[in-house]
Amino acid sequence: MAVSREQKTQAEAEIDIMRHSTAHVMAEAVQSVFPEVKFGIGPAIENGFYYDFDLPRALTPADLSVLETRMAEIMAADLPFVRQEMTKEEARGLFAAQPYKLELIDGIPEARVSIYRQGALVDLCQGPHVSSTGKIKAFKLLSIAGAYWRGDEHHPMLQRIYGIAFGSKEALSQHLKMLEEISWRDHRKLGVELGLFSIHEEAGPGLVHWHPKGAIIRQVIEDFWKDEHFKRGYDIVYTPHVAKAGLWQTSGHLDFYQENMYSPMDVDGQEYIIKPMNCLGHILIYKTKLRSYRELPLRYAEMGTVYRYERSGVLHGLSRVRGFTQDDAHIFCRFDQLEEEVVGVLNLARFMMETFDFTSYRIFLSTRPEKFAGSDEMWEEATEMLRRALVRQKILYDVDPGGGVFYGPKIDIKLEDALGRMWQGPTIQVDFNLPHRFDASYVGEDSREHQVVMVHRTVLGSMERFLACLIEHYAGAFPVWLAPVQVVVIPVADRHLDYARKLEVELRSERIRVKVNARSESVNSKIRQAQLEKVPYMALVGDKEVAASTVSVRLRRGEQLAAQPFGSLKEMVKTAIANKAEGAY
RNA sequence: GCCAGCGUAGCUCAGAGGUAGAGCAGCGGUUUCGUAAACCGCUGGCCGAAGGUUCGACUCCUUUCGCUGGCUCCA
């Protein structure tokens, strides 16, 4: 039973057509500026479109506004899109000067192809298109980027122009506002502003330094994570950061994963390699004794820090780095336990996602690729178990045919954040390969040895990427349980400082993260500082509070609460922490 | 890695072939203040790094490192 999640609505399909047509208009504009242009492809994408061009010179941002003006003229002229069918031979004649189009024609299986004309442009295109260029309502060109022809780095690099297009000016400006919001929430920007982490040129790109405020968030999450894993029958393990090269030879990583691994270091004449994955250590632990079917499943979990070489051009803040800590676990089980284990992981994954306020996500089941390890039957059965686990959890999912890794089928969960963007979330991967390579087995009921089934899984992904996601999801305003500073005490004047310290001690005794702002600044200024730091509770103490033994509370979202005794603030904060829910946005 | 753009004070940014500037932050002082910026003063820079052109380079050229947007890949 295949459960597919969504079909495009009629309206979405229509707007895609319009976006595609906008790409053609852009192509015409480019052609008018660069008559010698060679066209690549120009599809509609989410929110807009792009088109790839081979041009005599590099485009500059200034070119974009010229092209926009030209495009607006083409739209004002309301030129009709005209479809025409012809044989491939005729098309080859028509596109004789267009090598990329010729290559595309060669790849089309049908005998006849279609072309579209509008104004001065002729383009090989399946269509459909809007009836005329005047039907395009609102667009904007956003950026220029290099893109390999057909995405292959051995092919020439073309210049890609990205644009967005919408059904109305309002929708366009709304989207532009969203883009602004996205850049405003950027974890790299907020990470600096909130003092969470830094990355240093001197230390190397893609290597993260967690500052106290970022580290406390991470620590809270890790404590919570360990707790939850303990409850669910996982055992916490620790494994070394380096291992002899031979181990990576046995695992096959040296053959298949080498471009992501750092060069070996010499230790007493032996080659050692920094681990890019945690699985091998867990396998070694598994293999330390003869395992009985009775002790399975074994679930080894580790916040395991790994190092992977990433090409310099792909590094990005916390979300794509060279050293990161995975919330990793490996489940060793019998084949007949696989489905139940996957159900367990899905449960945990959903619990985690809910805890961090991700209410929407998409699930992908990836099936057998062309090259694979293990037997057909194993794959089929395992894939079926993953499928059944999803169905049992009543989860809608999409199938990614052939999208599995070579060693087994997998389930990927992609999270949707507060701005509707997707992030790689939990993954569950069945592995037939490593147990085979390491001869990891157990003794079955039949007294015979059986190969154990291994499941790699992470529910947060990596602490680095997860934090990047959380920072942007919460826009830096972390819920109380995660907020680096939960309460700032603000004395109105210096004479209230002692009283403020008393409140600080009282809150700290409950392990509430509290700071006193003792600076000689105005109340307004201290409140502003706390707001910018996105501290959930501001506790004001002045003459009135000292006299009445109370505290006035301002919430991060701006709300002011009536003066109250210390105790009730304490309880309010403790409740918010315990609920992990937002109490003070 | 590749294409393009960008690197000026802790941050945001201005400047420009004649030797560097603002706001914020920081520091010192004054102020003791009631829910998003009190006032005055001061410090702060090898203009990413190296080489070249030039009488003179932060500015022009080359190389290099890093960042940004993409391509590819992925936790």
Side-chain angles (χ1 to χ4, degrees), chain A residues 50 52 55 57-63 142-162 183 186 188-189 192-193 195 198-206 257 259-260 276-278 304-306 308-328 405 412 423-427 429 456-469 490-497 519-533 538-545 552-556 558-561 563:
Chain A
Y50 69 78
D52 290 342
L55 297 170
R57 68 162 172 88
L59 292 167
T60 67
D63 291 319
L142 287 189
S143 59
I144 306 157
Y148 299 109
W149 167 240
R150 296 193 151 177
D152 184 334
E153 65 186 59
H154 302 295
H155 288 158
M157 185 165 267
L158 308 179
Q159 298 192 68
R160 175 173 298 179
I161 302 177
Y162 282 97
S183 87
D186 193 312
R188 293 166 300 183
K189 181 178 148 74
V192 171
E193 285 173 7
S198 57
I199 295 171
H200 303 263
E201 190 172 340
E202 309 92 289
Y257 204 67
E259 73 268 26
N260 283 298
M277 292 181 181
N278 300 303
T305 303
V306 298
R308 298 183 187 171
Y309 172 74
E310 296 288 350
R311 296 166 131 200
S312 58
V314 306
L315 299 173
H316 182 90
L318 287 184
S319 62
R320 192 70 184 274
V321 293
R322 285 179 171 164
F324 54 97
T325 301
Q326 292 181 299
D327 70 306
D328 214 351
V405 250
D412 286 313
W423 295 73
Q424 175 67 51
T427 67
Q429 306 191 339
H456 309 251
R457 45 107 288 183
T458 114
V459 292
L460 304 178
S462 73
M463 296 312 289
E464 286 75 8
R465 184 175 285 180
F466 190 65
L467 243 296
C469 178
I490 299 176
V492 172
D494 289 352
R495 63 178 176 278
H496 310 117
L497 202 51
R519 295 173 51 124
S520 173
E521 280 289 353
S522 67
V523 169
N524 275 327
S525 164
K526 293 179 196 177
I527 285 177
R528 178 159 195 272
Q529 283 170 33
Q531 286 289 152
L532 292 175
E533 285 168 34
M538 283 153 257
L540 270 78
V541 292
D543 289 337
K544 282 180 286 181
E545 288 75 14
S552 293
V553 178
R554 174 191 164 107
L555 304 180
R556 176 168 58 191
E559 192 177 333
Q560 289 172 43
L561 308 182

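All values reported here derive from a predicted model rather than from experimental measurement. FYI, side chains are in, hydrogens and waters are out, and symmetry mates aren't considered; it's all heavy atoms of this structure. Chain identifiers are assigned alphabetically (A, B, ...) following the order of the sequence lines, protein sequences preceding nucleic acid strands; residue numbering begins at 1 within each chain.
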With a 4.0 Å cut-off on heavy atoms, is [X] in touch with a base, just the backbone sugar-phosphate, or nothing at all?
X      : answer
A/E521 : base
A/D543 : base
A/Q531 : base
A/K526 : nothing
A/R57  : nothing
A/V321 : base
A/T325 : nothing
A/R457 : nothing
A/V492 : base
A/E201 : base
A/G313 : base
A/S312 : base
A/H316 : sugar-phosphate
A/S520 : base

Tell me whether the ring of A/Y162 lies stacked over the B/G70 base, given a 5.5 Å limit on centroids and a 30° limit on the plane angle. no

Rounded distance in Å - [atom1] ([X]) to [atom2] ([N]):
X      : N     : atom1 : atom2 : value
A/L158 : B/A4  : CG    : C1'   : 14 Å
A/R320 : B/U68 : CZ    : P     : 13 Å
A/E202 : B/C67 : CD    : C1'   : 14 Å
A/R322 : B/G66 : CZ    : C1'   : 11 Å
A/R554 : B/A36 : CZ    : C1'   : 6 Å
A/D412 : B/A75 : CG    : P     : 8 Å
A/Q326 : B/C74 : CD    : P     : 14 Å
A/W423 : B/A75 : CH2   : C1'   : 12 Å

Expressed as a whole number of Å, how far does the [atom1] atom of [N] sit from that of [M]?
N     : M     : atom1 : value
B/G34 : B/G45 : C1'   : 41 Å
B/A50 : B/C65 : C1'   : 10 Å
B/C6  : B/G10 : P     : 23 Å

A/R188 and A/D186 ion-paired at < 4.0 Å: yes

Can a salt bridge be assigned to the pair A/R311 and A/E153 using a cut-off of 4.0 Å between side-chain N and carboxylate O? yes

Can you tell me the pairing partner of B/U68 across any strand shown, Watson-Crick or G-U wobble, with both distances under 3.5 angstrom?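 Partner of B/U68: B/A4.
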
State the pairing partner of B/A20; accept Watson-Crick or G-U wobble contacts with both distances under 3.5 Å, and report none otherwise. none

For B/A38, does OP1 or OP2 lie under 4.0 Å from any side-chain N or O of A/R528?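 For B/A38, OP1/OP2 do not have a side-chain N/O of A/R528 under 4.0 Å.
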
Does B/A75 have OP1 or OP2 under 4.0 Å away from a side-chain N or O of A/S462?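 Negative; the distance criterion is not met.
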
Test for a donor-acceptor pair under 3.5 Å between the base of [N] and the side chain of [X], counting only N and O atoms.
X      : N     : result
A/Y309 : B/G1  : no
A/E310 : B/A75 : yes
A/Q159 : B/G70 : no
A/N524 : B/U35 : no
A/R465 : B/C74 : yes

Kindly indicate whether the side chain of A/D543, heavy atoms from C-beta on, has any atom under 4.5 Å from the side chain of A/V492. no

Is the closest side-chain heavy-atom distance between A/V405 and A/H456 below 4.5 Å? no

What's the spacing between A/L555 CG and A/Q531 CD if we round to 0.5 Å? 9.5 Å

Between A/D412 and A/T427, does a side-chain hydrogen bond (donor to acceptor under 3.5 Å, both in side chains) hold up when you go through it step by step? CA-CA 5 Å; A/D412 286 313; A/T427 67; 4.7 Å; no

